[in-house]
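First the structure, in the form of structure tokens, and then the observations on it.
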2 protein chains.
Amino acid sequence: MVDVAREAGVALRTVSRVVNQDPTVGPDLVQRVRAAIADLGYRPDERARHLRLGVTGTLGAAVRQLSHVNPVLRAVERAARAADLMVLAASTEDDESLERHVVESMCRRRFDGIVLEPIGDDHRYLVPELAAGLSLVAVDRPVLGLDVDCVLSDNRSGIEKAYRHLVRHGHDRIAYIGDDERIYTARERAMAFRGCVAAHGGPLGTMLHTGEVESGRIREAVRAALSGSAPATAIVTGNAQLSVEVLRHLGADAVDVALIGFDDSELATLLRPDLTVVAQDTDAIGSTAIDMLRARIADPATEVRTVTVPVELITRGSGEIPPAP
Amino acid sequence: MVDVAREAGVALRTVSRVVNQDPTVGPDLVQRVRAAIADLGYRPDERARHLRLGVTGTLGAAVRQLSHVNPVLRAVERAARAADLMVLAASTEDDESLERHVVESMCRRRFDGIVLEPIGDDHRYLVPELAAGLSLVAVDRPVLGLDVDCVLSDNRSGIEKAYRHLVRHGHDRIAYIGDDERIYTARERAMAFRGCVAAHGGPLGTMLHTGEVESGRIREAVRAALSGSAPATAIVTGNAQLSVEVLRHLGADAVDVALIGFDDSELATLLRPDLTVVAQDTDAIGSTAIDMLRARIADPATEVRTVTVPVELITRGSGEIPPAP
DNA sequence: CCAAGCTGAGATAACGTTATCTCGAAAGGT
DNA sequence: ACCTTTCGAGATAACGTTATCTCAGCTTGG
């Protein structure tokens, strides 16, 4: 920048003015500065700019896996772009210590705000960051024990919708196969399912299976649910990956057992019958997260909120299979 | 930092030394400084650090869609992490102007290097950046017309492997359904297919269909390939998304027509029969990209290279269906 | 016992920007 | 013709770090 100023025969500040399109520069000087910039191949340095300005115009997104399908992240990027903010994303790989590393790196880089898919139950490392003014919004799962903005799907009502839908189609032995209950969403969904069974007056028995997503375990869960004296006639799964696994193990039985999956996916319309799902409103989640983050950045005193986004039951066939006589 | 120094009664430089674990600080001072840091909630500012240091320890990844499955990106993140570099990623959404925006933003932020999945044919905007010392490696597709490091899959040999495999299983009317040939990989694969047909002595006729991935077009292409007096008995698809679409339109015929897809995916083992695919070595692509980028950062004079990573044919059933009599 | 070396810590000057203040000159009003 | 206003552009001082140089106080060896 110094070189550009010298080359153009102007003051440093004038180069800055030209770069920032300040209208108070005479057209002849603008020309000279522009020429000098092109001549010398000058590239502005945002590090210095951000340092001076205080803000970075950058949001961080710390998500479970960048290289997985994540429609919420897409919505986050779009909404941020519309607000002229750059989103830079990194994976946490479902690893608490990696999450911490990523978030702290973003803080040290003074990102204006962070969208986080939190992992685990212990987020005490955030306390000093929040005290220092970090703007953060959690998506998909809450940050337990801390007063932090949060956007969640209505997991409970999703399970309830699925359950009621199956009951309405004549089922009364409905099984649930879910993820490890150490994960917040898995816990919520499993609890909601227990609630449904209790409300319906049935015994839980072999109707609920949760644990890690592992092919052998899922096979066993499917087998257990469908065997015995009172086999299930319908299955609800706890996430998209589980739907795939359950379908894999159902094999030819897929046309006889009703199935509702949690989470929509492109697979849903590829299979036969097409998969009935509880779909999250990922666009709403993403754009709400950015709205809340922007509000907090604009005014750190904004009241902390948790927004719950409704889910929708999309009927496509697999959930409307009647119970076997 | 000034406050910490005052609180601890030491010089600024000593605080810096403590933060950076410089061993030449007496243990009592370390204590005092640590205490002051905790007391005041001091957070180091990487912007200033990077500005002073010159390097940022950060790599950018500009990919088509963060929220799509992208095993190369996962490998890139892992390899970078192993080298103690942070990867920050952003989507280009297959939009040339967005790519430019993203890459230029990363340059202005002085990322040490960029991994880019290039879009389109015109990358002249990179010329001044490269001249200014940008370290860049292109993955999946080359940067046309510019001398830039590049990691590609061996698309041609992938198609040839698929074609030969089908011929070996008795097929001699093999159709190809591919993506828009404006896209480099689609072009390479389609050209390779033309080469195979020519080498095999057959007429191309209705055996090659390329264009945008659009459900109607794919349906038509499948219909055209399988009808007429000499219908195809096998299909090769140009990418994972096309495999899904082709399977959707094949419907019940899926068990009679041999199919080999380009790109492995989790769907491949869900469908019946399991999908035979040409799989890219995404781990090798990602780690090679990081290796090359690090080499270039370390020595900008490193000779520019294009590395072609071998692909593998994984037989699972769908590619071994014999031709209908 | 003193010169030479070592060691821990401070003072100062960058890194590349932009906000603020200042100032000269041109324009406009009486 | 003089005073005031406006406007364009420069000088200077931050923003928060770290590298370099300096120096006081100890060792150490002849």
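Here is how names work: the chains are called A, B, and so on, in the same order as the sequence lines, proteins then strands, and each is numbered from 1. Keep in mind that what you see is a predicted model, and the values were worked out from it rather than measured.
- If you check dT18(C), dG8(D), dT17(D) against the side chain of Met1(A), the one that comes closest is dT18(C).
- To the nearest angstrom, C1' of dA9(C) lies 16 Å from CG of Asn20(B).
- Protein atom CG of Leu40(A) is 14 Å distant from nucleotide atom P of dG16(C), rounded to whole Å.
- If you take CD of Gln21(B) and P of dT18(D), they are 12 Å apart, rounded to a whole angstrom.
- Between Asp291(A) and Arg294(A) there is no salt bridge, since none of the side-chain N atoms of the basic residue sits less than 4.0 Å from a carboxylate O of the acidic one.
- Residue contacts shown for Leu53(A) are limited to sugar-phosphate atoms, with no base heavy atom under 4.0 Å away.
- Judged by distance alone with a 3.5 Å cut-off, no donor-acceptor contact links the side chain of Arg49(B) to the base of dT17(D).
- Atom CG of Asp3(A) and atom P of dG16(C) are 9 Å apart (whole Å).
- Remark: P of dT12(C) and CZ of Arg52(B) are 16 Å apart, rounded to the nearest angstrom.
- Val2(B) comes within 4.0 angstrom of nothing in the nucleic acid, heavy atoms only.
- Judged by closest nucleotide on DNA chain C, Leu29(B) is the one of Leu29(B) and Asp45(A) placed further toward the 5' end.
- Using a cut-off of 4.0 Å between Lys/Arg side-chain N and Asp/Glu carboxylate O, Glu46(A) and Arg49(A) are scored as salt-bridged.
- Remark: Glu93(B) engages Arg78(A) in a salt bridge, criterion side-chain N to carboxylate O under 4.0 Å.
- Residue-level contact check: Val19(A) touches neither bases nor backbone, having no heavy atom under 4.0 Å from any strand.
- Among the heavy atoms of the strands lying under 4.0 Å from Arg17(A) is at least one base atom, whether or not backbone atoms are also near.
- When all heavy atoms of Met86(B) and Arg109(A) are compared, the closest pair comes out as SD-NH2, 3.7 Å.
- Nucleic acid contact for Arg43(B): sugar-phosphate only, since backbone atoms but no base atoms lie under 4.0 Å from a heavy atom of the residue.
- Both Gly9(B) and Ala48(B) lie near DNA chain C, and the one whose nearest nucleotide falls closer to the 5' end is Gly9(B).
- Nucleic acid contact class of Thr14(A) (heavy atoms, under 4.0 Å, all strands): sugar-phosphate only.
- A donor-acceptor contact under 3.5 Å links the side chain of Arg13(A) to the base of dA19(C).
- Between dT18(D) and Ser16(B), a contact under 4.0 Å exists linking OP1 or OP2 to a side-chain N or O.
- Contact detail for Asp263(B) and Ala240(B): the closest heavy-atom pair is OD2-N, 3.7 Å.
- The number of heavy atoms from other shown groups lying within 6.0 Å of CG (Asp299(A)) is above 12.
- Atom-to-atom, CZ of Arg108(A) to P of dT18(D) comes out at 12 Å; the value is rounded to the nearest Å.
- The separation between Arg47(A) atom CZ and dA14(D) atom C1' is 19 Å, rounded to whole Å.
- The interatomic distance linking Glu46(A) (CD) with dT18(C) (C1') rounds to 13 Å, in whole Å.
- Within 4.0 Å of Leu12(A), counting heavy atoms only, lies at least one base atom of the nucleic acid.
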